[in-house]
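Read through the structure below, which is laid out as structure tokens, and then see the notes.
Worth knowing before you read on, the calculation uses all heavy atoms, side chains too, and leaves out hydrogens, waters and symmetry mates.
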Amino acid sequence: METLKIVAVSAGLGRPSSTRLLADRLAGAVRAQLAGERAVEVRVVELRDLAVDIANNLVTGFPGAALREAVEAVAAADGLIAVTPIFTASYSGLFKSFFDVIENTALTGKPVLIAATGGTARHSLALEHALRPLFAYLRAVVVPTAVYAASEDWGSAGDAGADGLAARIDRAAEELAALVAGRSGSGSSPAPRASDPYDAVVPFEQQLAALRP
């Protein structure tokens with residue numbers, strides 16, 4: 001059986017970056033969920049390293065070699081993890097610009113886990129009013145659990161309890177793994193195209209039923 005490919009896109013700007021840390025933790029959790037079934041290959045795409053190429057592509061329409069390879073990796077992935085810092089109550093410009101250079105049909109039917117980081121929990125709703133509509137427009141299949149990590153979530157207290165960061169990561173990873181395993185194992189076509197982009201958001205149980213052989 002072919003190796004499952006999981007790609008995590010991180011739009012963090014700093015080094016070290018909490019956005020990259022969250023991407024790594026999510027990717028590791030997804031790998032752990034799938035490890036008993038198939039071989040899993042995980043790749044993290046750091047948009048910070050592609051910022052100049054992305055800007056040049058927006059102006060010229062031609063991607064550099066590194067950007068082209070990253071876009072191809074995202075398009076070929078069995079599952080995608082998309083993580084951005086929250087700036088001004090929305091995703092970062094770098095994050096949006098990367099997905100602007102991808103063909104708008106490349107993510108059709110692709111399982112996607114959305115996540116974000118920020119300084120305060122007040123910005124967590126950006127996942128629902130900004131990221132989820134973006135990927136619904138691109139006709140991806142977005143898992144129900146979106147993961148937001150505020151600064152306080154990285155301490156031991158933030159991970160404690162049934163709804164701590166660790167629990168949210170595990171829940172989201174389980175949802176993405178279920179979709180990836182079902183999609184790759186069934187050989188079925190992507191989810192039907194909807195007349196309106198927001199029609200692509202369907203209940204998780206219905207998504208799983210459509211992917212089973």
Between Ser92 and the options Leu13, Thr84, Leu47, the side-chain contact (heavy atoms from CB on, under 4.5 Å) test singles out Thr84
side-chain contact (heavy atoms from CB on, under 4.5 Å) partners of Asp49, counting only residues at least two apart: Arg15, Glu46
Identify the heavy atoms of Asp170 and Ala29 that sit nearest to each other, and give their distance. OD1-CB, 4.3 Å
Before you tell me yes or no, could you show the steps for Leu165 and Val147 under side chain to side chain contact (heavy atoms under 4.5 Å, CB included), namely the whole-Å CA-CA distance, both residues' side-chain angles and the distance that decides it to 0.1 Å? CA-CA 8 Å; Leu165 178 60; Val147 180; 3.8 Å; yes
To the nearest 0.5 Å, how far apart are CG in Leu4 and CZ in Arg38? 4.0 Å
Between OG1 of Thr3 and CG of Leu34, what distance do you get to the nearest 0.5 Å? 11.5 Å
Quick one: CG on Leu176 to CD1 on Ile114, what's the gap to the nearest 0.5 Å? 11.5 Å
Which pair of heavy atoms, one from Pro85 and one from Ala11, lies closest together, and at what distance? CD-O, 3.4 Å
Is a side-chain donor or acceptor of Arg168 paired with a backbone partner of Tyr148 at a separation under 3.5 angstrom? yes
For the hydrophobic clusters of this structure (ILVMFWY residues joined by side-chain heavy atoms under 4.5 Å, transitively), does one cluster hold both Leu26 and Leu21? yes
Determine whether Leu125 and Ile86 fall in the same hydrophobic cluster, where Ile, Leu, Val, Met, Phe, Trp and Tyr are linked whenever their side-chain heavy atoms lie under 4.5 Å apart. no
Under the side chain to side chain donor-acceptor pair (under 3.5 Å) test, residues paired with Glu72 that sit two or more places apart: none
In sequence, state the C-alpha distance, the side-chain angles, and the governing distance for Val141 and Leu179, and then conclude on side chain to side chain contact (heavy atoms under 4.5 Å, CB included). CA-CA 9 Å; Val141 181; Leu179 284 177; 3.9 Å; yes
Side chain to side chain contact (heavy atoms under 4.5 Å, CB included) between Ile169 and Leu22, intermediate numbers included: CA-CA 9 Å; Ile169 287 173; Leu22 181 57; 4.0 Å; yes
Please confirm whether the backbone N or O of Val7 pairs with a side-chain atom of Arg43, one donor and one acceptor, at under 3.5 Å? no
From Ser90 atom OG to Leu131 atom CG, the distance as rounded to the nearest 0.5 Å: 7.0 Å
Could you pull out all residues at least two apart from Ala51 that satisfy side-chain contact (heavy atoms from CB on, under 4.5 Å)? Leu94
Quick one: do Leu58 and Val45 end up in the same hydrophobic cluster if we chain Ile, Leu, Val, Met, Phe, Trp and Tyr together by side-chain heavy atoms under 4.5 Å apart? yes
Answer with yes or no whether the hydrophobic clustering places Val44 together with Val83; edges join I, L, V, M, F, W, Y residues whose side-chain heavy atoms lie under 4.5 Å apart. no
Tell me every residue that passes ring pair (Phe, Tyr, Trp, His ring centres under 6.0 Å) with Phe99, counting only those two or more places apart in sequence or in another chain. Phe95, Phe135
Can you see whether Thr117 engages Thr19 through a side-chain donor-acceptor pair at a distance of less than 3.5 angstrom? yes
Should Lys110 and Asp78 count as an ion pair when the cut-off is N to O under 4.0 Å? no
Are a donor atom and an acceptor atom from the side chains of Thr145 and Glu175 found within less than 3.5 Å of each other? yes
Rounded to the nearest 0.5 angstrom, the CG-CZ distance for Leu127 and Arg132 is 8.0 Å
Decide whether Leu138 and Ile102 are clustered together by the hydrophobic rule: side chain heavy atoms of Ile, Leu, Val, Met, Phe, Trp, Tyr closer than 4.5 Å, transitively. yes
Taking all heavy atoms of Glu128 and all of Ala146, pick out the closest pair and write down the distance. OE2-CB, 3.8 Å
Under the side chain to side chain donor-acceptor pair (under 3.5 Å) test, residues paired with Asn57 that sit two or more places apart: none
Partners passing side-chain contact (heavy atoms from CB on, under 4.5 Å) against Arg122 (at least two apart in sequence or in another chain): Thr120
Check whether any side-chain heavy atom of Glu174 sits under 4.5 Å from a side-chain heavy atom of Val143, and report yes or no. no
How many angstroms lie between CG in Asp53 and CZ in Phe62, if you round to the nearest 0.5 Å? 14.5 Å
